[in-house]
J.: 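Got a structure here, written out as structure tokens. Questions coming.
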Amino acid sequence: MQGFLDFLKSLGAARMAAMAAVTLALIGFFSFLMIRMTTPQMVPLFTDLALDDSAAIAKDLDQQGITYTLKNNGAIILVPQDKVARLRMKEAENGLPKGGGVGYEIFDKSDALGATTFIQNINKLRALEGELSRTIRSLDQVETARVHLVLPDRPLFSRDKVEASASIVLRVRGTLSHSQVRAIRHLVASAVTGLKPDRISIVDESGKLLADGAGDDNAATAAGADERKIAYENRLRQEVENIVSSVVGPGRARVQINADFDMNRVTETSDKYDPDGRVVRSSQTREEESNNGTGSPGGPVSVGTQLPGGSNGTNGNGRDQTRKSEETVNYEISRTTKTEVVEAGRIKRISAAVLVDGTYSKNDKGELVYKPLAKEELDRITALVRSAVGYDAKRGDQVEVVNLRFAEAPPVPLNEPTGWRSYLQFSKDDIMGMAEKGVMILLGFIVLLTVVRPLVRRIVTPEGAEGRAGAAGTAGIAGALGLSGGNPPGMTVSGGTGSITASGGTNISIVGGDEQVAISNRTSTMIDVAKVQGQVHAQSVQKVGELAENNPHEAVAIIRSWLHEDAA
């Protein structure tokens, strides 16, 4: 411990301060490296956030104690990469982000006492538009939505009423199908009183018109028919591709379906009578009976018959009797009335074209060789396609399966590494992270070798020790031998090599500043002479010093003259 304290004292205050500065610099540098290498990579949690959504998400992250970074004035929130999925699910559970639209919460903090009817109506319209925007954004393929509603008031003293309309601007991921666009229109129309689906216009972010709000029924019907045709063809094409690709391989079959629809709406009414199915509905019978003769009141009339006591001109054998019977029967004949309504969209004919690729194999040279499919395989594929599309020969359907070589051969599958080699499959993020850590480590080694090592060596090593090691050793030995005033006869001193050579056979060698003196048997006499000379020189120096102290002015003049002589 004492040796360490002596070493510190030998360094001095300046060197101690330099060592402290170097130590602090090293601590700061390596702390920066450790923090930079251990800090997780930050990735966006959400982008294009409104200020209220950004504030709500930041507050929730503070409560969870998660480090985050705000960029683009709060529109982007960055979080550690390993926590992105969990945080997104957590925020979705809390209903964030809401999208920045103003909903019915606009009435929570409003002062209804001083609000006019106009302001209340405007707030109601804003709230309705905001709620519709949030509902549309809840769809998977919709990123953002903006809704504008036009709800006109009925003019006073007017019988005409202006219909409500709406316009919607969408930013979508990919492309919306016609059924999805129609669903959005009906969704908005059902939420607004008096709004019809055909009065809603929808435009995407590129300015493409997805739905026309002109209110034309014929156009809507035609659009619905086209959508039905396209949807049916796509469904059949997908089914055929799935079943054919399972036979020839994925990506090696092309299918095209064309369905011809009858878009006429037909209504037929027919009445059918069954003659054998008679039923008596009503029956009516009528009978009449009459007697005619001379004695009867019904006989002929004459003058004699009218006189008193006269004969009536009839006898017992002159009577005429009549009897009449009549029957009426009403029957109900069974009748069948049939009304058939055939809606538009009947399939008239289906045409299917299927193109399949052949098989590929490698030859002896390792090249791919094409081989067409056999006729039996094509027949089986044709049968499968006919069953999938609902082939009907009476309807005139056509199914064609053709085997041709594709322009591009299928890619050669790569062998996926297994075992320990699977751990060497690094992603782009892994490679960038390792490259960054490697650069940091290399920078640390460069700083150690080029900055820290020279500074430490310079601080620890005493000043001038390296340059004066050999000269100090040689001068010390020469002084000890009485050679300060000059070399004795027969002795040569070379301070550059650290050795002294005497003509009497005496060798004095100096190695690395450590004086190792090798003296032969004949050196004792030379040592005695050197001691005597040293004493003489010491007395001479002492006398010169006394003279200089007693006569300082003369000594200064002599020194000045020496200086001038040396300069000359």
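Below, each value reflects all heavy atoms present in this structure, side chains not excepted, and no hydrogens, waters or symmetry copies.
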J.: Can you tell me if N330 and S282 form a side-chain donor-acceptor pair at under 3.5 Å?
T.: yes

J.: Calculate, to the nearest 0.5 Å, the distance between atoms OH and CZ belonging to Y370 and R405 respectively.
T.: 7.5 Å

J.: First locate atom CG of D60, then atom CD1 of I66, and finally report the distance between them rounded to the nearest 0.5 Å.
T.: 8.0 Å

J.: What is the distance from atom CG of N123 to atom CZ of F118, rounded to the nearest 0.5 Å?
T.: 10.0 Å

J.: What's the separation between atom CZ in R237 and atom CD1 in I257, rounded to the nearest 0.5 Å?
T.: 7.5 Å

J.: What's the shortest heavy-atom distance between A189 and I200, and which atoms?
T.: N-CD1, 3.8 Å

J.: Would you say the side chain of K362 lies within less than 4.5 Å of the side chain of V369, judging by non-hydrogen atoms?
T.: no

J.: Is it the case that the side chain of R88 and the backbone of L45 share a donor-acceptor pair, with hydrogens and angles ignored and the cut-off at 3.5 Å?
T.: yes

J.: For the pair R395 and D397, find out whether any cationic side-chain nitrogen is under 4.0 Å from an anionic carboxylate oxygen.
T.: yes

J.: State, yes or no, whether a side-chain contact exists between E239 and L236 at a heavy-atom distance under 4.5 Å.
T.: yes

J.: Does a side chain donor of either T382 or R380 reach within less than 3.5 Å of an acceptor in the other side chain?
T.: no

J.: Please determine, by modelled atom types, if Q180 and Q141 share a side-chain donor-acceptor pair under 3.5 angstrom.
T.: yes

J.: Does CG belonging to D271 count more than 12 external heavy atoms closer than 6.0 Å?
T.: yes

J.: Has the side chain of N258 got a donor or acceptor atom that lies under 3.5 Å from a matching backbone atom of S351?
T.: no

J.: Would you please test F46 and I57 for side chain to side chain contact (heavy atoms under 4.5 Å, CB included) and show each step?
T.: CA-CA 9 Å; F46 295 107; I57 294 174; 3.6 Å; yes

J.: Quick one: does E205's side chain get under 4.5 Å of V172's, heavy atoms only?
T.: yes

J.: Locate the shortest heavy-atom distance separating E163 from P152; write the atom from each residue and the value.
T.: O-CG, 3.9 Å

J.: Does any non-hydrogen side-chain atom of L170 lie less than 4.5 Å from one of I184?
T.: yes

J.: Test your reading of the model: is there a side-chain donor-acceptor pair from R254 to the backbone of G251, 3.5 Å cut-off?
T.: yes

J.: Where is the tightest heavy-atom contact between V248 and A253, given as atom of each residue plus distance?
T.: CG2-CB, 4.1 Å

J.: Just by distance, do the side chain of S138 and the backbone of T135 share a donor-acceptor pair under 3.5 Å?
T.: yes

J.: Walk me through it: do Q256 and L355 pass the test side chain to side chain contact (heavy atoms under 4.5 Å, CB included)?
T.: CA-CA 9 Å; Q256 185 65 37; L355 177 63; over 6 Å; no

J.: When you look at CZ of R146, are more than 12 heavy atoms from neighbouring residues, nucleotides or ligands closer to it than 6.0 Å?
T.: no

J.: For L128 versus A191, what's the shortest heavy-atom pair and its separation?
T.: CD1-O, 4.3 Å

J.: Assess whether side chain to side chain contact (heavy atoms under 4.5 Å, CB included) is satisfied between V356 and V244, documenting all intermediate values.
T.: CA-CA 8 Å; V356 294; V244 176; 3.6 Å; yes

J.: Would you call R173 and E143 a salt bridge, using N to O less than 4.0 angstrom?
T.: yes

J.: Determine yes or no for a side-chain-to-main-chain donor-acceptor pair under 3.5 angstrom, with D204 supplying the side chain and G207 the backbone.
T.: yes

J.: State, to 0.1 Å, how close M42 and L78 come at their nearest heavy-atom pair, and which atoms those are.
T.: CE-O, 3.4 Å

J.: What do the steps show when you test I347 against D262 for side chain to side chain contact (heavy atoms under 4.5 Å, CB included), and what is the final call?
T.: CA-CA 6 Å; I347 299 176; D262 185 5; over 6 Å; no

J.: Do L139 and R137 come close enough that some side-chain heavy atom pair is under 4.5 Å?
T.: no

J.: Is any NZ, NE, NH1 or NH2 atom of the basic residue among R349 and D260 found under 4.0 Å from an Asp or Glu carboxylate oxygen of the other?
T.: no

J.: Roughly how far, to the nearest 0.5 Å, is the CG atom of L151 from the CG atom of N121?
T.: 10.0 Å

J.: Would the number of heavy atoms belonging to other residues, nucleotides or ligands and lying under 6.0 Å from CZ of R281 be above 12?
T.: no

J.: Does D82, at its CG atom, have more than 12 non-hydrogen atoms belonging to other residues, nucleotides or ligands within less than 6.0 Å?
T.: yes

J.: First locate atom CD1 of I77, then atom NZ of K71, and finally report the distance between them rounded to the nearest 0.5 Å.
T.: 13.0 Å

J.: Can a donor-acceptor pair be found between the side chains of N234 and Q238 at a distance below 3.5 Å?
T.: no

J.: Given R126 and E129, is the salt bridge (Lys or Arg N to Asp or Glu O under 4.0 Å) satisfied, shown in steps?
T.: CA-CA 5 Å; R126 291 178 59 194; E129 292 176 348; over 6 Å; no

J.: Any donor and acceptor pair, going by atom type alone, linking the side chain of T359 with main-chain N or O of K371 inside 3.5 Å?
T.: yes

J.: Write down the atom of A259, the atom of F261, and the distance for their closest heavy-atom approach.
T.: CB-CE1, 3.5 Å

J.: Indicate yes or no: at least one non-hydrogen side-chain atom of L149 is less than 4.5 angstrom from one of V192.
T.: yes

J.: Are R235 and E233 ion-paired here, with the side-chain N under 4.0 Å from a carboxylate O?
T.: no

J.: Check whether any side-chain heavy atom of T339 sits under 4.5 Å from a side-chain heavy atom of T267, and report yes or no.
T.: yes

J.: Answer yes or no: does atom CD of E400 have more than 12 heavy-atom neighbours from other residues, nucleotides or ligands under 6.0 Å?
T.: no

J.: Would you indicate whether the side-chain heavy atoms of E367 and Y360 approach each other to under 4.5 Å?
T.: no

J.: Has the side chain of S245 got a donor or acceptor atom that lies under 3.5 Å from a matching backbone atom of N242?
T.: no

